[in-house]
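Start at 1 and go down the list; that is how both ligands and their atoms are numbered.
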Amino acid sequence: MIVVTGATGNVGRALVDTLAAAGEQVTAVSRRPAQVPDGVRHHSADLGDPASLRPALDGAAALFLLVAGDDPHAILKQAAGVGRIVLLSSQGAGSRPEVYRHPALFERAVRESGADFTILRPGGFASNAFAWAESIRTTRTAAAPFGDVGLPVIDPADIAEVAAAVLRGAGHAGRTYELTGPAPVTPRERAAAIGAALGEPVRFVEQTREEARTQMLQVMPEPVVEGTLAILGAPTAAERAVSPDVERVLGRAPRTFAEWAARNVPAFR
Ligand SMILES: NC(=O)c1ccc[n+]([C@@H]2O[C@H](COP(=O)([O-])OP(=O)(O)OC[C@H]3O[C@@H](n4cnc5c(N)ncnc54)[C@H](OP(=O)(O)O)[C@@H]3O)[C@@H](O)[C@H]2O)c1
């Protein structure tokens with residue numbers, strides 16, 4: 001049995017579907033109730049309250065773990081006996097560990113857990129463009145800072161496929177995979193790609209750094225806002241680079257942002 005935390009999220013939902021379609025026994029975990037495919041068990045638990053996870057882990061062979069809650073050691077104590085752990089970390093844990101302390105802390109705990117572990121370090125998600133859904137639906141505009149800085153954003157469906165391959169297959173223990181899309185795409189190009197998928201132009205509005213900072217502070221702690229703005233505005237060579245790891249694991253190139261936009265066009269209509 002495979003336990004998937006974050007099961008209602010962009011990655012977790014796709015992962016639960018993929019594992020269930022492959023015939024795996026799956027327990028889907030989230031705090032809120034979730035709609036899950038037939039045959040999948042749902043368990044409500046909060047990673048901030050590790051003991052709440054315990055009933056989901058009885059008899060589990062593998063765990064897909066999200067970075068949530070404050071105490072990865074307590075979470076992993078509940079997962080003692082689970083042979084394989086796949087952690088959804090973040091590129092920032094490698095490129096800016098002083099800022100992305102939380103994923104870096106989870107990585108360390110997973111490495112020390114004694115289980116076979118694999119760490120997934122995705123860059124920015126294509127699905128962050130859902131933040132534009134309302135403004136695109138109502139005014140056909142999309143606002144973001146650093147409109148001409150390209151980053152190889154990744155389709156969460158590709159993260160889910162890599163996670164499924166790692167959870168089910170051999171040869172991934174001890175590995176850290178950097179997960180990116182196939183090419184850098186600027187925010188301006190992402191807005192245009194959504195427009196192309198809609199069949200109507202989407203106007204791109206470049207925000208100042210300060211405007212973006214104010215908006216991001218509503219949903220993220222300040223150090224993470226500063227780190228994220230640094231990645232978006234002045235990415236390092238490693239943060240701009242396209243990683244070969246999705247293709248290494250899946251045997252095919254990662255999906256493009258345009259493919260993500262085409263699949264998710266109803267959110268912007
Ligand atoms: N977005 C990016 O650009 C990016 C880049 C690198 C890494 N990441 C990492 O990827 C992760 C997953 O992204 P996503 O887009 O799939 O996220 P998402 O769509 O926001 O989903 C998060 C999922 O985690 C669950 N969850 C959140 N806190 C929880 C807790 N304390 N206990 C149990 N479940 C909890 C949520 O369900 P409930 O709310 O019902 O619990 C939901 O199922 C992020 O959390 C982040 O660490 C994201």
Side-chain angles (χ1 to χ4, degrees), residues 3-18 26-36 40 42-57 63-72 74-75 78-79 86-97 99-107 110 119-133 144 151-164 176-181 185 187 190 216 219-221 224-225 227-232 235 239 243 245-246 257 260 264 267:
V3 176
V4 176
T5 61
T8 49
N10 292 300
V11 175
R13 233 179 10 245
L15 177 57
V16 167
D17 288 351
T18 304
V26 182
T27 297
V29 175
S30 61
R31 289 167 302 184
R32 292 165 297 167
Q35 283 217 315
V36 291
V40 170
H42 181 264
H43 176 78
S44 290
D46 186 339
L47 290 168
D49 171 16
S52 67
L53 204 57
R54 183 64 238 168
L57 291 166
L63 167 66
F64 177 77
L65 181 62
L66 191 76
V67 172
D70 291 328
D71 191 347
I75 294 169
Q78 298 298 331
V86 177
L87 177 70
L88 180 58
S89 180
S90 173
Q91 182 186 58
S95 62
R96 302 177 194 250
V99 175
Y100 290 88
R101 286 195 191 157
H102 207 193
L105 193 74
F106 272 67
E107 286 194 4
V110 164
I119 290 168
L120 307 183
R121 282 183 180 168
F125 289 7
S127 49
N128 294 344
F130 282 137
W132 290 337
L151 288 169
V153 293
I154 178 152
D155 189 327
D158 281 340
I159 303 173
E161 269 190 57
V162 168
T176 297
Y177 293 128
E178 306 279 338
L179 304 180
T180 71
V185 204
R190 281 172 238 160
M216 289 161 77
V219 289
M220 294 179 201
V224 178
V225 169
T228 304
L229 284 169
I231 293 177
L232 297 178
E239 288 161 351
S243 165
D245 288 351
V246 169
F257 183 82
W260 178 87
N264 290 283

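Regarding atom 44 (C) of ligand 1, its nearest protein heavy-atom neighbour is L66 CD1, 4.6 Å. Annotation: atom 18 (P) of ligand 1 to nearest protein heavy atom, G9 CA, 3.8 Å. In terms of protein heavy atoms, atom 15 (O) of ligand 1 is closest to N10 ND2, 2.9 Å. Summary of contacts: the protein heavy atom closest to atom 28 (N) of ligand 1 is R31 NH2, 3.2 Å. For atom 23 (C) of ligand 1, the nearest non-hydrogen atom of the protein is G6 CA, 3.5 Å. Nearest protein heavy-atom neighbour of atom 31 (N) of ligand 1: D46 OD1, 2.9 Å. Of all protein heavy atoms, the one closest to atom 5 (C) of ligand 1 is G123 O, 3.4 Å.
Below 4.0 Å from some heavy atom of A68 lie the following atoms of ligand 1, by number and element: 28 (N), 29 (C), 30 (C), 31 (N). Of all the atoms in ligand 1, the ones that sit under 4.0 Å from a non-hydrogen atom of N128 are 1 (N), 2 (C), 3 (O). For ligand 1, the atoms closer than 4.0 angstrom to any heavy atom of L47 are 30 (C), 31 (N), 32 (N), 33 (C). Near S89, with a cut-off below 4.0 Å to any heavy atom, the atoms of ligand 1 are 7 (C). Heavy-atom proximity to P122, at under 4.0 Å, picks out these atoms of ligand 1: 6 (C), 7 (C).
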Residues Y177, S89; criterion side chain to side chain donor-acceptor pair (under 3.5 Å); working and verdict: CA-CA 10 Å; Y177 293 128; S89 180; over 6 Å; no
Working for side chain to side chain donor-acceptor pair (under 3.5 Å), residues H42 and S30: CA-CA 8 Å; H42 181 264; S30 61; 2.9 Å; yes
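Nearest to atom 10 (O) of ligand 1 by heavy-atom distance, out of F125, F130, F106, is F125. The heavy atom nearest to atom 40 (O) of ligand 1, out of those in R32, H102, Q91, is found in R32.
Inter-residue side-chain proximity for S90 and V67 is flagged as unmet; no heavy-atom pair is nearer than 4.5 Å. Between F130 and N10 there is a side-chain heavy-atom pair separated by less than 4.5 Å.
Residue contact annotation: P156 has no non-hydrogen atom under 4.0 Å from ligand 1.
Using a 4.0 Å cut-off between heavy atoms, A45 contacts ligand 1 through its backbone alone, with no side-chain atom that close. Heavy atoms of A34 found under 4.0 angstrom from ligand 1: none, in either backbone or side chain. The part of L88 lying near ligand 1 is the side chain, judged by heavy-atom distances below 4.0 Å.
Expressed to the nearest 0.5 Å, how far CZ of R121 lies from CG of L88 amounts to 12.5 Å. In this structure, CG in L47 is found 11.0 Å from CG in D71, a value given to the nearest 0.5 Å. Atom CG of D245 is separated from atom CG of L120 by 9.5 Å, given to the nearest 0.5 angstrom. Remark: D155 CG to N264 CG distance equals 7.5 Å, nearest 0.5 Å. To the nearest 0.5 angstrom, I75 atom CD1 is 8.0 Å from T5 atom OG1.
Inside a 4.0 Å radius of atom 46 (C) of ligand 1 there is not any protein heavy atom. Closer than 4.0 Å to atom 20 (O) of ligand 1 lies none of the heavy atoms of the protein.
Residue-to-ligand polar distances place T8 within reach of ligand 1: an N/O pair is separated by less than 3.5 Å. Among the atoms of G124, none of the N or O lies under 3.5 angstrom from an N or O of ligand 1.
In this structure, I154 and P122 approach most closely via the heavy-atom pair CG2-CB, 4.2 Å. Nearest heavy atom pair, residue L179 against residue V246, reads CD2-CG2, 3.9 Å.
Every residue meeting the salt bridge (Lys or Arg N to Asp or Glu O under 4.0 Å) condition with E239, not counting sequence neighbours, appears here in chain and number order: R96.
Listed by first and then second residue, the salt bridge (Lys or Arg N to Asp or Glu O under 4.0 Å) pairs involving residues 43-54 are R54-D58 (not counting sequence neighbours).
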